[in-house]
Amino acid sequence: MYVRSFRLGFAALGGAAIVATTLGMAGDRPPVASIPTPSGWRQHDMARPRPAVVEPAGWSVGVPAPADAVVLFDGRDLAVWESASGGPAEWSVADGAFVVTPGKGAIRTRESFGDAQIHLEWASPAPPRGRGQDRGNSGLFLMGSFELQILDTYKAETYADGMAGAIYGQYPPLFNATKPPGEWQAYDVAFRAPRFDPSGALREPARITAFLNGVLVQDNEPPVGGTSWLEAVAYEPGATTGPIELQDHGHPVRFRNIWVRKLPERVPATEAERREPKIVAVPAADLDALAGTYGQADGVQLQLTRQDDHLLLKLPFRATPLRIVPVAPLHFVLPYTDGDVTFEKDDAGKPTLVNLRIGDGSPRPFPRVEE
Ligand code: MG
């Protein structure tokens, strides 16, 4: 079984020699600890369980590009693509789609992308031909390095980590959600590029989330390196962007409706924006004087009680009280949330009102309820 799949894969890449005579023999497997995958499975292990088959609804086939998308194919031409070996992309375009032209090699976008949302539609050759990896094979390469497998695995067998929806050679799809040959299928991908220290050391691996025909097949998985065949490869130090590349694996797979949206980096608060509460000491007697019930006698009420050096705020729609800390004698804030509680007093120094503000709301007054 193992040897057969190896031969098929090798033949599919155009190799002539069959050199798998020792593969699959008992005792030739290295200890799991030496396998650089989190799962412990060796690449292409035929014993690895296949995912469950799911009949997809295909809700994402034919979705139009959002306004901010970079359209990579709109049915007309391959102007934004080039051959991966240089020069123009030479795959053929017809009837609003383009097709792998075997022997012309991979094509890639001229533009590079990092963090991105990607939509791509593809169709396996119909009628189907070949078996295993030699059946409708292509691939969507993110940053030119991480392959989401494109393969005809509709009622067709191959190793789990090489099925359509796989991060090739590393992560099988969670489900086999493929559609029959000839039918349009859709990948929707969220890709987070790897992060590196200034020295080039890997700080965060890439992350891939992918839906195939509307079914989640990769859930925020971290590739162990660029996808590869037969040997693990490491991350390319410092590489955080790259082209989107489509594989020529010798099969006339068709493509259409391809677009990508660049994703923003989440911006952490600067030191000045952090606004950690500068807590002041308020005497316990003053806190006790502020404690009490505020609101309408027959409406929404806030309960304030003292706890040690701060107050607890009980809101009617929350089971547990919130800690609020003093930043001035009559001004308290929620430590976790952008919200504050300010007290007003009368001329006699007696609290008469609290104003509660949370986020974008206007301060809301709650008069003190006399007890
Ligand atoms: Mg492939």
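Just so you know, ligand 1 is whichever comes first in the structure, and atom 1 is the first atom listed for that ligand. All of these numbers come straight from a predicted model, not from anything done at the bench.
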**Q.** Atom nearest to the Mg ion (ligand 1) - E147, N, O or S atoms considered
**A.** OE2
Q. Taking both backbone and side chain into account, is any N, O or S atom of S138 nearer than 2.8 Å to the Mg ion (ligand 1)?
A. yes
Q | Enclosure of E236 CD (heavy-atom neighbours >12, cutoff 6.0 Å) | A | no
Q) Without hydrogens or angle criteria, can the side chains of S228 and E231 be said to hold a donor-acceptor pair below 3.5 Å? A) no
Q) How wide is the angle at the Mg ion (ligand 1) between OD1 of N137 and OE1 of Q247, to the nearest 10°? A) 100°
Q. With a 4.0 Å cut-off, would you call D338 and R357 a salt bridge?
A. yes
Q: Identify which one of R135, E183, Q185 satisfies the side-chain contact (heavy atoms from CB on, under 4.5 Å) criterion when paired with S124.
A: Q185
